[in-house]
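Heads up: the structure comes next, in C-alpha cells.
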Amino acid sequence: MGIEFRGVSKTYPDGTVAVAEFSCTVPSHRTLALVGTSGSGKTTLMRMVNRMIEPTHGEVLIDERDVRELDKVALRRSIGYVPQAGGLLPHRRVLDNVATVPLLNGVTKAAARATAGELLEKVGLDPALGKRYPGQLSGGQQQRVAVARALAADPNVLLMDEPFGAVDPIVRRDLQDQLVALQSELGKTIVLVTHDIDEAFKLGDEVVILKTGGIIAQVGTPQEIVAAPADDFVRDFVGADRAERTLRTVDHGGRRVVVDGDDRPVGVLG
Amino acid sequence: MTWLELNRDQVVELLWQHLLLAVPAVLISVVVAVVLGRVAYRWPRAGTVVLGFASLLYSVPALPLLIVIPVLLSIPLRSETNLVIALAVYGTALLAGTAADAFRSVDTRVREAAEAMGYSPRGIFWRVDLPLSLPVLVSGIRVVTVSSVSLVTIGALVGISSLGSLLTDGFQRDIREEVLTGVVLTMVLAVVLDLLVVTAGALLTPWQRSARTRTKAAA
C-alpha cells in the first residue's frame, strides 16, 4: 500500500535526463520528503504521481494501482495538492478556493462551504477571512489556505510542491509545526518537495536526497542520513560538517547544556 | 439648433440604427478574437501565422472591403449584414493579438495548480483562463468598441444608414448643423459604450478592485 515509484525515468526529447531509474516506496500514512537542488528532478518525480508529467519509463503505483490506468482528472481530484506560493485562484474568494475540489466533484455549494469554513479553522485561520480574495491575505495565510484546500475532499494522498518556500523563516516554522500537528491527526500519505534540508528532516519520515538528473544520493530517515551521510555530496548537502550539526554537551551549574560547534547553546538535555 | 429640432425623429432613428450595427459587430469580434487568441496561445507557431493574417486584414481599406464581402457571400451591398461583417473583420483584426496576450497574462502557477487539482481542460478555459484574462481582454474590447462606433459611419458611403448618413447628407446639402450633429453623436455614443464596457469589466473582476485597495493600504 502507499505510493510506489517503480524504476521511473524521464528523458525529454532534447535528451535532458530529469529522472533516471528512480525506485522508492512511501508507505501509507507516512511522509516522503524529496530534497535536492534545482534540476535534481524532485518536482518531476512528485508530478508523476498525479500525472502532471508522464514518465518515459517505469510506473507509479498508488495502493498497487498503476496511475496510468486511472482517468487523469479523477486521479487529480482524489489527490490533495498544495502548490508553491501563488497557486491559489486569485479570482475566487478564500472559502471558494478551499471548496474547489468538492465543488468540482459535485458537492452542493452550501455543504462545500461549510466544510471549507471548518478547514480554515483547522489550519489556524479566522473563518471570517473566507470572504476575502487571496490577494488580500499575507503569504503565510495564503499557504494555510492552500493546505486547507488540499484537504477539502479528504484525500488519502497529499502532494506538496515547496509549499512553504516563499514565506519568511518564522512563519515557515509556524506552518511546518502546524503541518506536523495536522499529520499526526490525519495520517495522510505525503510526498513533499523541498530544497530546504531542515524542512525535509522536520516533516519527512523518510528523506530522499537527489542529485542532478534525478539520481538518488541517499535514502533514509533523517537520523540515518545525519548519522551516516552516504558520500561527500550528502555530507555537504545536509551540512554534516557545519558547526550547528556537530553538537556536544557542557556542564553548567549541574545542567547538561547542548552547544554547537561554535559553542552556541542549542538547548538543555532533559 | 433649429435643424436638430426639425429632424429629431430622424436623428433618433439613425442613432438607433448606428447602435444596432456597432454592437453586434463588437460582440462577433470578441467571440472570434477570443477563439483565434486561444488558438494562438495554445499553438504558438500556428498562432504567429493566424495573428499575422489577422493584422493584415486590418490594413485592407474599408470601401473595397464593403464591396468584396457582398460578392463573396452573395448578399446585397447595402445590407446591414455587409457592414456588420466588415466591422467584425476589423474588430477581430484589432483584438485577436490582445486576446492571445490576455491568455498569456494568466499566471502559469495558477493554471498549473488548477490543473493539478483536477480541473478538466474545458474547466480550465472557462473557469480559470477566461476570467483571469478579462483585465487585459477588456482593455482590448474598449479599443474595438470605440473604433467600431466610428467606423460604422463609413457605411453611409455605400448607403447603409447610420449617424454617418448625417455626415454624407450634411456635406452634400451643405448643412453644417447636420454634420456637427453626426460627429458629436458618434463621439458621444462611443464614449457611452466605452463606459459600459469599463463598468461591465469592473463588475466581472471584483478581485481586481480588492487587490488594488490592499496594495494601497500596504503602501
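Quick note on labels: first sequence line is chain A, next is B, and so on, each numbered from 1.
Only the backbone of L88(A) comes within less than 4.5 Å of a heavy atom of chain B; no side-chain atom from C-beta onward does. Residue R51(A) does not touch chain B at all, counting heavy-atom pairs closer than 4.5 Å. In this structure, chain B has a heavy atom under 4.5 Å from the side chain of R149(A), while its backbone stays farther away. Residue contact with chain A, scored on non-hydrogen atoms closer than 4.5 Å, is absent for R111(B). The part of R92(A) that comes within reach of chain B is its side chain, from C-beta onward, which places non-hydrogen atoms under 4.5 angstrom from that chain.
W207(B) and P90(A) make their closest contact through CB-O, 3.4 Å (heavy atoms, listed as atom of the first residue, atom of the second, distance). Across every non-hydrogen atom of P206(B) and Y133(A), the tightest pair is CG-OH, 3.3 Å. What you find for Y81(A) and A113(B) is that their closest heavy atoms are CE2-CA, 4.0 Å.
Applying the salt bridge (charged side-chain N to carboxylate O under 4.0 Å, His left out) criterion to K42(A), with sequence neighbours excluded, gives E162(A).
Chain B is approached within less than 4.5 Å, heavy atom to heavy atom, by T100(A), V101(A), L104(A) from residues 98-116 of chain A, ordered by number.
The backbone N or O of Y119(B) sits nowhere less than 3.5 Å from a side-chain atom of R76(A) that would complete a donor-acceptor pair.
Per-residue counts of heavy-atom pairs under 4.5 Å with chain A were compared for R127(B), E112(B), M117(B), R109(B); the largest is that of M117(B). For the set A146(A), A85(A), G86(A), A150(A), the count of heavy-atom pairs under 4.5 angstrom toward chain B peaks at G86(A).
For L203(B), the CG atom sits in a packed shell: over 12 heavy atoms of surrounding residues, nucleotides or ligands are nearer than 6.0 Å. More than 12 heavy atoms of other residues, nucleotides or ligands shown are found within 6.0 angstrom of CG on D174(A). Within a 6.0 Å sphere centred on CG of D9(B), other residues, nucleotides and ligands contribute 12 heavy atoms or fewer. Environment of CZ in R78(B): sparse, with no more than 12 heavy atoms of neighbouring residues, nucleotides or ligands closer than 6.0 Å.
Note that CD of E115(B) and CG of N50(A) are 9.0 Å apart. Values are rounded to the nearest 0.5 Å.
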